[in-house]
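Notes follow once the structure below has been shown.
The figures that follow rest on heavy atoms only: side chains count, while hydrogens, waters and symmetry mates do not. In this text the structure is predicted, and so the values were computed from the model without any measurement. By convention here, the first residue in the shown sequence is residue 1.
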Amino acid sequence: MAAYAFSKINFKGKDIIFIIFISSLMIPKEIMIVPLFRITQQFGMVNSYNGMIWPNVAGAFGVFLLKGFFDLTPNALREAGRIDGANEWRIFTRIMVPIIKPGIGALFILNFVQVWNDYLWQLVIGQENKMKTLMVGTATLMQDLNPNFAYKMAGATIAAIPMLLVFMLFQRFFTNAITAGAVKE
C-alpha cells in the first residue's frame, strides 16, 4: 500500500519521504537487531515462527520494487475506476493489485530467500533448541571439534529444497516481473 501511495497519490513531501524511506536500505540489519528484538519481545514473539517471519515481511526494498510496478500502470485505469464510482481502496484492491501480481510474486521469492537465509535473526530470535532453524542447525555442525562435512552438505542440500520449490511455484511471476519493464510502449 505504501508503494501505491508513493506512486499514484499526490501529497505534500512525497518525494522527500520516499528518499528518506529508501535511504533506510543503507542501514545494515545488524544495527537494527537490538531494537527489533525488543519490539518482537514486547509482542511476545520470541521463540516463535511469527517472530522469525513478521519483522521481515514489509521493508523498504519491497516498497521500492512495487513502486516501480505501480509507476508502469497507466493513470487512466485509476480514472476509469473513479468514473465507475470506485473509491481509492477498491481501485487499489480490484484494479491495481491484479495488474502488479508479477511484481508481488517476484517480491515474494526475493523476500522468502532473504528470510530463509537470514542466519543472524534466526539465531537471536529462536533461543530454544526446538526453534532452531535449518540454517542455524547446519551452522552448529561446524562447532564440533571434528566437524562431519557429510552432515553439513546434507543439511545444505535439504536447506536448498524449499527455495527451489518456492522458485518453481512462483517462476512465472518472477519471469513476468523481469520482462515487464523490457518493452517500451
Side-chain angles (χ1 to χ4, degrees), residues 1-4 6 20-70 93 97-98 100-180:
M1 290 181 358
Y4 176 74
F6 282 128
I20 292 169
F21 199 78
I22 296 304
S23 297
S24 70
L25 286 171
M26 293 187 286
I27 301 170
K29 189 170 184 175
E30 291 79 8
I31 290 176
M32 298 184 295
I33 208 148
V34 172
L36 192 59
F37 178 79
R38 295 196 65 195
I39 292 169
T40 307
Q41 191 176 33
Q42 288 175 353
F43 280 113
M45 293 191 298
V46 176
N47 287 320
S48 70
Y49 294 118
N50 285 330
M52 291 180 187
I53 296 169
W54 284 112
N56 296 302
V57 168
F61 176 73
V63 173
F64 175 72
L65 181 71
L66 292 181
K67 181 186 179 298
F69 281 92
F70 281 122
T93 57
V97 170
I100 64 154
K101 276 186 182 176
I104 294 171
L107 179 62
F108 179 79
I109 290 172
L110 294 171
N111 205 18
F112 178 82
V113 170
Q114 187 252 334
V115 171
W116 184 261
N117 291 327
D118 192 5
Y119 171 77
L120 181 61
W121 181 247
Q122 294 172 0
L123 182 66
V124 168
I125 205 73
Q127 297 173 349
E128 296 176 6
N129 281 335
K130 68 177 184 173
M131 291 307 298
K132 299 284 184 205
T133 61
L134 195 55
M135 295 300 165
V136 175
T138 303
T140 56
L141 290 174
M142 287 304 287
Q143 293 177 354
D144 296 335
L145 188 57
N146 294 321
N148 190 335
F149 289 102
Y151 288 153
K152 187 160 180 140
M153 288 305 295
T157 303
I158 291 171
I161 291 172
M163 288 189 295
L164 291 172
L165 289 175
V166 166
F167 183 75
M168 283 186 226
L169 289 173
F170 288 90
Q171 178 184 7
R172 63 186 168 101
F173 293 116
F174 192 72
T175 54
N176 288 344
I178 290 171
T179 59

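- Among residues two or more places apart in sequence or in another chain, the side-chain contact (heavy atoms from CB on, under 4.5 Å) test is passed with M153 by none.
- Inter-residue side-chain proximity for V115 and W121 is flagged as unmet; no heavy-atom pair is nearer than 4.5 Å.
- The ring pair (Phe, Tyr, Trp, His ring centres under 6.0 Å) test applied to F64 returns no partner, not counting sequence neighbours.
- Y4 has its side chain out of reach of I100: every pair of non-hydrogen atoms, C-beta onward, lies at least 4.5 Å apart.
- Heavy-atom minimum distance, L65 versus F69: O-CD1, 3.3 Å.
- For the pair V113/V166, no side-chain contact is recorded, criterion being any heavy-atom separation below 4.5 Å from C-beta on.
- Counting heavy atoms from C-beta outward, N47 and I125 have side chains that stay 4.5 Å or more apart.
- Note: T40 OG1 to I33 CD1 = 9.5 Å, rounded to the nearest 0.5 Å.
- Pairs passing the side chain to side chain donor-acceptor pair (under 3.5 Å) check and including a residue from residues 127-136, sequence neighbours excluded, read Q122-T133.
- Applying the salt bridge (Lys or Arg N to Asp or Glu O under 4.0 Å) test to residues at least two apart or on different chains, the pairs with a partner in residues 49-68 are K67-D71.
- Each salt bridge (Lys or Arg N to Asp or Glu O under 4.0 Å) pair with one or both residues in residues 36-62, not counting sequence neighbours, would appear here, but there are none.
- Here F108 pairs with F170 under the ring pair (Phe, Tyr, Trp, His ring centres under 6.0 Å) rule; sequence neighbours left out.
- In this structure, CD on E30 lies 12.0 Å from CG on L36, to the nearest 0.5 angstrom.
- By the neighbour-count criterion of 12 heavy atoms within 6.0 Å, atom OH of Y119 is densely surrounded, having more than that number from other residues, nucleotides or ligands.
- Partners of L25 according to the side-chain contact (heavy atoms from CB on, under 4.5 Å) rule, which considers only residues two or more places apart in sequence or in another chain, are I22, A60, F61.
- Residues forming a ring pair (Phe, Tyr, Trp, His ring centres under 6.0 Å) with Y49 (at least two apart in sequence, or on another chain): none.
- How far CZ of F37 is from CD of Q42: 11.0 Å, rounded to the nearest 0.5 Å.
- For the pair M163 and N117, the tightest heavy-atom approach, listed with the atom from each and the gap, is SD-ND2, 3.7 Å.
- Residues forming a side-chain contact (heavy atoms from CB on, under 4.5 Å) with A159 (at least two apart in sequence, or on another chain): W116, L134, M135.
- Between the CD1 atom of I53 and the CG atom of N111 there is a distance of 10.5 Å, given to the nearest 0.5 Å.
- For I31, the side-chain contact (heavy atoms from CB on, under 4.5 Å) partners at least two apart in sequence or on another chain are I27, P28.
- Judged as a side chain to side chain donor-acceptor pair (under 3.5 Å), the pairs with a partner in residues 53-62 (not counting sequence neighbours) are, in order, K29-N56, N50-W54.
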